[in-house]
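The basis for the numbers below is simple: all heavy atoms, side chains too, and nothing from hydrogens, waters or symmetry mates. This is a predicted model, so every value here is computed, not measured. Residue indices begin at 1 and follow the sequence shown.
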Amino acid sequence: MTAPAAPPTLYSVRPEWADVTPVVQYEKANPLAPIVYTEEYKDATDYLRAVVKSGEKSERVLKLTEHVIRLNPAHYSAWWQYRYETVVALSWPLDVEMTLMDELADKYLKTYQVWHHRRLILLLPGAGAGRAAQELTYIANMLQTDEKNYHTWAHRQWLLAFHNDDALWAGELDFVDTMLNRDLRNNSAWHHRFFVVFQSGVRAGEEDRQRIIHRELMCVCHVKQHISLAPNNASAWNYLRGVLEFNKLPLSNVATFVKPYTVPLPDGAKDVVDLENPPPGQGAELPCVAAIEFLADVYEEEGGESTHMAVELWKSLGDEHDTIRKKYWEYRILQARSV
């Protein structure tokens, strides 16, 4: 039987910290909702407040901030206010710091402060632009653990935009395709594709924006094909809508594609090869709520007599296909009739 780990030695009894007077957290005499901290955490943060007050920047301060961070990885002051400042003041080896960041990011993947500190370290002069390619590989590996983690995707977008190097951008669409092939419902991957194609400037080879728009709308490997494989995947529908709206194109451009998804799948339906407008596959759960909403928006956009058809579709959503949002569909009907 393994013996329990010995409790950590408090800073208050460590000889090397005897020269520091801890600063206890201020609390009113009778706090309304006192937080019950462990003795270890109270001790460590008391000494953190002390070194912040004195302005000490030393290796022992780096060890202290690491200790506090491991106890509370969201402790913003330990990260940014003091660890980063101490790293800079000591000209601390960045490879050593990044090794620690690799470990902490893996352990505290969903903690914003971990990624923010990592970004600050990558901005330091010693990091060098050559680190960016390694960082893309690191991020890709982290996404194997959590494919939809917001902070990891946001860090990737920041890295690409900050360096804005053609060599870094070159493989992004292939990377997104890989992620979508693994999980076509990955909303983060769809968002990243939109960022790469439309929200990050125009790079060499992409000057013909009409060709790019056509590719995004028509390419079998992308939007429509993904919808045909999983009609009720809201992410792909949102992407399709985003491509049209961002480029100020009428939603009716894809009405022919949308309509088969708004009705039940016919009995005995067979797979049909249509590269421009792939139909729903066998076994698709139809009608699709996203498709009905999309088609209703097509009719509302057209206006005139088409508004009546939009209202009928919204009624079907509220009464049958999407009753949980009934009040919303009633609101859409009210708005359309008030125009």
Tell me whether [X] contacts the main-chain N or O of [Y] through its side chain, where contact means a donor paired with an acceptor under 3.5 Å.
| X | Y | result |
| --- | --- | --- |
| N233 | L184 | yes |
| N181 | D177 | yes |
| R131 | L122 | no |
| N247 | L249 | no |
| T38 | Y41 | yes |
| E147 | M179 | no |
| S200 | F195 | yes |
| T323 | E320 | no |
| S306 | E302 | no |

**Message:** Checking D165 now: which residues fulfil salt bridge (Lys or Arg N to Asp or Glu O under 4.0 Å) with it, not counting sequence neighbours?
**Reply:** none
Over 60° means perpendicular and under 30° means parallel, so classify the ring planes of [Y] and [X], tilted if in between.
| X | Y | answer |
| --- | --- | --- |
| W158 | F162 | parallel |
| H155 | W115 | tilted |
| W17 | Y47 | perpendicular |

More than 12 non-hydrogen atoms from neighbouring residues, nucleotides or ligands closer than 6.0 Å to [atom1] on [X], yes or no?
| X | atom1 | answer |
| --- | --- | --- |
| L123 | CG | yes |
| E16 | CD | yes |
| Y76 | OH | yes |
| H151 | NE2 | yes |
| E59 | CD | no |
| Y37 | OH | yes |
| Q25 | CD | yes |
| K326 | NZ | yes |

Heavy-atom closest pair, residues [X] and [Y]:
| X | Y | result |
| --- | --- | --- |
| M101 | Y138 | O-OH, 4.1 Å |
| N232 | V289 | OD1-N, 4.1 Å |
| W92 | L62 | CD2-CD1, 3.5 Å |

So how far is it from [X] [atom1] to [Y] [atom2], rounded to the nearest 0.5 Å?
| X | Y | atom1 | atom2 | value |
| --- | --- | --- | --- | --- |
| I333 | L313 | CD1 | CG | 10.0 Å |
| K148 | S188 | NZ | OG | 7.5 Å |
| L136 | L160 | CG | CG | 5.5 Å |

**Request:** Before giving the answer on side chain to side chain contact (heavy atoms under 4.5 Å, CB included), spell out for N253 and L251 the whole-Å C-alpha distance, their side-chain angles and the decisive distance to 0.1 Å.
**Result:** CA-CA 5 Å; N253 275 15; L251 298 179; over 6 Å; no
Charged N-O contact under 4.0 Å between [X] and [Y]:
| X | Y | value |
| --- | --- | --- |
| K315 | E312 | yes |
| D297 | R332 | yes |
| E97 | R83 | yes |
| K224 | E276 | no |
| E66 | R70 | yes |
| D19 | R60 | yes |

**Worked verdict on T86 versus E56 for side chain to side chain contact (heavy atoms under 4.5 Å, CB included)** = CA-CA 8 Å; T86 304; E56 179 183 340; over 6 Å; no
Are [X] and [Y] close enough that some pair of their side-chain heavy atoms sits under 4.5 Å apart?
| X | Y | result |
| --- | --- | --- |
| Q144 | R182 | yes |
| V68 | T45 | yes |
| D102 | L100 | no |
| L124 | L120 | no |
| S252 | V298 | yes |
| L265 | P280 | yes |
| V197 | Y239 | yes |
| L48 | T65 | yes |

**Request:** Compute both the distance and the angle, then confirm whether R193 meets the cation-pi test with F198: under 6.0 Å from the six-membered ring centre, within 45 degrees of the axis.
**Result:** no
**Cation-pi geometry met for R156 and F175 (6.0 Å, 45°)** = yes
**Which residues share a side chain to side chain donor-acceptor pair (under 3.5 Å) with W153, sequence neighbours left out** = none
Check: [X]/[Y] side-chain N/O donor and acceptor closer than 3.5 Å:
| X | Y | answer |
| --- | --- | --- |
| N164 | W169 | yes |
| N238 | W190 | no |
| T111 | Q113 | no |

**Prompt:** Aromatic ring centroids of H67 and Y11 under 6.0 Å?
**Reply:** yes
**Asked** F246 and F194: aromatic ring centres closer than 6.0 Å?
**Response** yes
**Message:** Using side chain to side chain contact (heavy atoms under 4.5 Å, CB included), reason through M142 and N149 one step at a time and then give a plain yes or no.
**Reply:** CA-CA 9 Å; M142 294 299 286; N149 184 31; over 6 Å; no
**Message:** Apply side chain to side chain contact (heavy atoms under 4.5 Å, CB included) to residues M98 and E103 and explain how you reach the verdict.
**Reply:** CA-CA 9 Å; M98 289 302 290; E103 178 199 340; over 6 Å; no
